Structures are given as C-alpha cells and as structure tokens.
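Along the sequence shown, the residues carry numbers beginning at 1. Keep in mind that this is a model prediction, so the values were computed, not measured.
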Amino acid sequence: MTELDQLWSQMLENATAKALDSGRGDLVEYLRLKAANDAIRVAGVDWLFDSLIEIASEMTRRGHVVSIERKDPHNHRRGNSNMVGSLVQIRLGVRCLMLEAGWTRTPADGIMRGGMLAAARISHFGMPKVNADLSLAYAGDLPIWHVEDEDGKRRPFRICDLQSHFDIFLGV
C-alpha cells in the first residue's frame, strides 16, 4: 500500500468515526461499503500484478533476461475516466509488456462504468491488436477479472490468458 493509500484509508476511518458519533448511519454505511470495495480492489490489482511478476520471474529462471519495473502511483485512461493505480513494465530488448491497473479515486477522476471495481490494460509495445482491457467486477458473489473480447462481451480472465500475453511478449 502506498503512502497516499494509507493516508486515504486513515481519512476514511476518521470520517466514519465522525459520522458514527453524529448519528449519520447512512453515511457510515456508505463509508464502510467504500472501504470494503477499496480492499477488494487492492487485493484484485495485487493478484494481477503478482501473477504477472511470477510468470516473468519463472521465465527469468529459464534463461530469458527480462527486466521488471513497477511505478506507483500511475494514471491511465479508461474511456473518459482517469484510473489511479500502478504500472508494471517487463522488457526484453526492445519488447515491452505493460500492465496498468487502478480505479477512480475522486469525483474528478470520473466514474467506473458497467459495475467495475477496477480497470486494467495489458499493452504490447508495437502490437496494439493484441492489447487487452480488463475489468474487475462481480460474477455472482465473487469479484473476478474479466477481459473484453472482439464483440465487446466480457469473459473471465484466467492465469492462462496472462501466460498467453507473456508468450506473445516473448515471441513464442
């Protein structure tokens, strides 16, 4: 968790305590929901980044010399909204695989459309046709990552999909 995220979390806790003291149950309920959704977002984004870094680390152990860089905080666009989060770049020579993920933090950042909790993008330098937009959204009771296919329909995003992007990156 970044310093900014820690500060934001503390501010939410303080606002919740003040709302509770003043008898604002509706506001308390909203702030608790916001905190719960933020915890889900953090866990989902961490899983995505950790999974990619694990795949890259395994490839390094197999002899591919890749560099891994992480940038926090990082902003990227999804539609008209600004997603605040992180970026991981994996490089091999001139090849670059980027994973950026985050969510809107303030009203000025815009809104999360379609029931999304978080948004991510996988980008291949110089190969825009194989890029992928991901959405963290509920499927029943559980939040899972989804990928949008060519028809704009969402399907579950799996580790094997992430491995496929890494294979494209390696030129396999």
Taking Ile144 as the starting point, is it possible to reach Val45 by hopping between hydrophobic residues whose side chains are less than 4.5 Å apart? no
Are more than 12 heavy atoms from other residues, nucleotides or ligands located less than 6.0 Å from atom CD of Glu54? no
Would you indicate whether Glu29, at its atom CD, is surrounded by more than 12 heavy atoms from other residues, nucleotides or ligands within a distance under 6.0 Å? no
Under the criterion salt bridge (Lys or Arg N to Asp or Glu O under 4.0 Å), I'd like the reasoning laid out for Arg154 against Glu148: C-alpha separation, chi angles, the key distance, then a yes or no. CA-CA 4 Å; Arg154 293 193 302 189; Glu148 295 177 15; over 6 Å; no
Is Leu87 isolated, or which residues cluster with it under the ILVMFWY side-chain rule of less than 4.5 Å, directly or via members? Met98
Ile111: which other cluster members, linking ILVMFWY side chains closer than 4.5 Å, directly or transitively? none
Starting from the C-alpha separation in whole Å, work towards a yes-or-no answer on side chain to side chain contact (heavy atoms under 4.5 Å, CB included) for Asp26 and Tyr30. CA-CA 6 Å; Asp26 57 337; Tyr30 168 77; over 6 Å; no
I need the single residue from Val84, Asn82, Val42, Asn37 that forms a side-chain contact (heavy atoms from CB on, under 4.5 Å) with Trp103. Which is it?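 Single pass found, and it is Val42.
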In a check of side-chain contact (heavy atoms from CB on, under 4.5 Å) between Ile122 and each of Asp133, Leu97, Asn131, which one passes? Leu97
Salt bridge flag under 4.0 Å for residues Asp21 and Lys18: no
Test the Arg70-Phe49 pair against the cation-pi criterion, namely NZ or CZ under 6.0 angstrom from the six-membered ring centroid and within 45° of the ring axis.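 Yes, a cation-pi geometry holds between Arg70 and Phe49.
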Would you please classify the geometry between the Phe157 ring and the His165 ring as parallel, tilted or perpendicular, with 30° and 60° separating the classes? tilted
Determine, step by step, whether Arg41 and Asp46 satisfy the salt bridge (Lys or Arg N to Asp or Glu O under 4.0 Å) criterion, reporting the C-alpha distance in whole Å, the side-chain angles of both residues, the deciding distance to 0.1 Å, and the verdict. CA-CA 8 Å; Arg41 291 173 173 119; Asp46 285 349; over 6 Å; no
If we ignore angles and hydrogens, is there a donor and acceptor under 3.5 Å between the side chains of Ser135 and Arg78? yes
